[in-house]
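Both counts, for ligands and for their atoms, begin at 1 and track the order of listing. As a basis for the values below, the full set of heavy atoms in this structure was taken, side chains included, without hydrogen atoms, waters or symmetry mates.
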Amino acid sequence: MPHAVEVTGLRKVYGEKRAVDGLDLHVAHGEVVAILGPNGAGKTTTVEILEGFRSRDGGDVRVLGQDPQDGDRAWRSRLGIVLQSNNDLAEATVAELVRHFARFFPDPRDPDEVIASVGLQDKVRTRARQLSGGQRRRLDVALGIVGRPELLFLDEPTTGFDPQARRSFWDLVEQLAADGTTILLTTHYLEEAERLAGRVVVVRDGQVVAEGAPADLGGRTARQALVRWTQDGQTREVRTDTPTTTVVELTGVLGGEVPGLQVLRPTLEDVYLSLIDGAES
Ligand SMILES: Nc1ncnc2c1ncn2[C@@H]1O[C@H](COP(=O)(O)OP(=O)(O)OP(=O)(O)O)[C@@H](O)[C@H]1O
């Protein structure tokens, strides 16, 4: 089966600025992929080209087998797009909006279940303009998933969420992924990418600079560990490929428990920051 998203050599130019500069991206059906990158890296431009909202200047793009530039209504109904809050509809209530959007799709989810899944069941009669920023964003997500999309685009979905709302949103995304939804998300939260994505793609200056499972991005698992401990009242540390051996040796030298022992590996954030070091912003 072809990929859900196939992008080769994508280019987009704004005047002198090469916003997307030969970007390749492949997303298999059922995969959850996170695009990471600094401000201005070209993430939103890429996603909006895939959604059919922006034209491109070069490259091949197929989304669910279709070139987004020629996407018709039937194709669009298979996508879930979480738009930025739409103020034109701010006078409508949560229930009215979700029910209204459901009507555009051939096989929508139950609107009440969708409202509950984003945690807005107590707000069904509240007008969109009276919701808080985070609640508004949850409504956007509800509108994006009510059509039971095969492919869901989430552009910085949890910006403005409180920690609890973010965690329940992650549960919801995991549920959607377990149901087989293919998900492409952009985020600035490394923890979010690590929790949700099977694969992360790091974009810098309009190109992919690294990709892989969050655990081994940039050879992360292969990188040296840092072993740190306290000895003679001082913090000591050593970088090593064999931390277990180091700890065993220390145990022997110190005659038992190693005070203040820590074995540290680079976090996804450490790896990410080293990959984008020196990027334009
Ligand atoms: N409509 C536009 N006209 C001119 N330049 C644009 C336009 N949209 C984006 N750009 C430029 O293209 C580059 C990529 O922007 P884009 O919004 O795709 O980045 P991003 O990775 O989504 O950033 P962020 O993390 O800030 O959302 C930036 O330099 C931006 O200034």
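Between T8 and D24 the shortest heavy-atom distance is CA-OD1, 3.3 Å.
Shown here are the side chain to side chain donor-acceptor pair (under 3.5 Å) partners of S117, two or more places apart in sequence or in another chain: there are none.
Test R54, K43, R56, K12 against E48 for salt bridge (Lys or Arg N to Asp or Glu O under 4.0 Å) and you get one pass: R54.
Electrostatic pairing of D277 and R204 does not count as a salt bridge here, judged by no charged N lying under 4.0 Å from a carboxylate O.
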N/O contact list for ligand 1, threshold under 3.5 Å:
| residue | atom | partner | partner atom | Å |
| --- | --- | --- | --- | --- |
| ligand 1 | 8 (N) | R54 | NH1 | 3.2 |
| ligand 1 | 18 (O) | T45 | N | 2.9 |
| ligand 1 | 18 (O) | T45 | OG1 | 2.5 |
| ligand 1 | 19 (O) | G42 | N | 3.2 |
| ligand 1 | 21 (O) | A41 | N | 3.1 |
| ligand 1 | 21 (O) | G42 | N | 2.9 |
| ligand 1 | 21 (O) | K43 | N | 2.9 |
| ligand 1 | 21 (O) | K43 | NZ | 2.8 |
| ligand 1 | 22 (O) | T44 | N | 2.8 |
| ligand 1 | 22 (O) | T44 | OG1 | 2.7 |
| ligand 1 | 23 (O) | G40 | N | 2.8 |
| ligand 1 | 25 (O) | N39 | ND2 | 3.2 |
| ligand 1 | 25 (O) | K43 | NZ | 2.7 |
| ligand 1 | 25 (O) | H188 | NE2 | 2.9 |
| ligand 1 | 26 (O) | N39 | ND2 | 2.9 |
| ligand 1 | 27 (O) | E156 | OE2 | 3.4 |

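Using a 4.5 Å heavy-atom cutoff, the side chains of K123 and I115 are not in contact. Between N39 and H188 the shortest side-chain heavy-atom distance falls below 4.5 Å.
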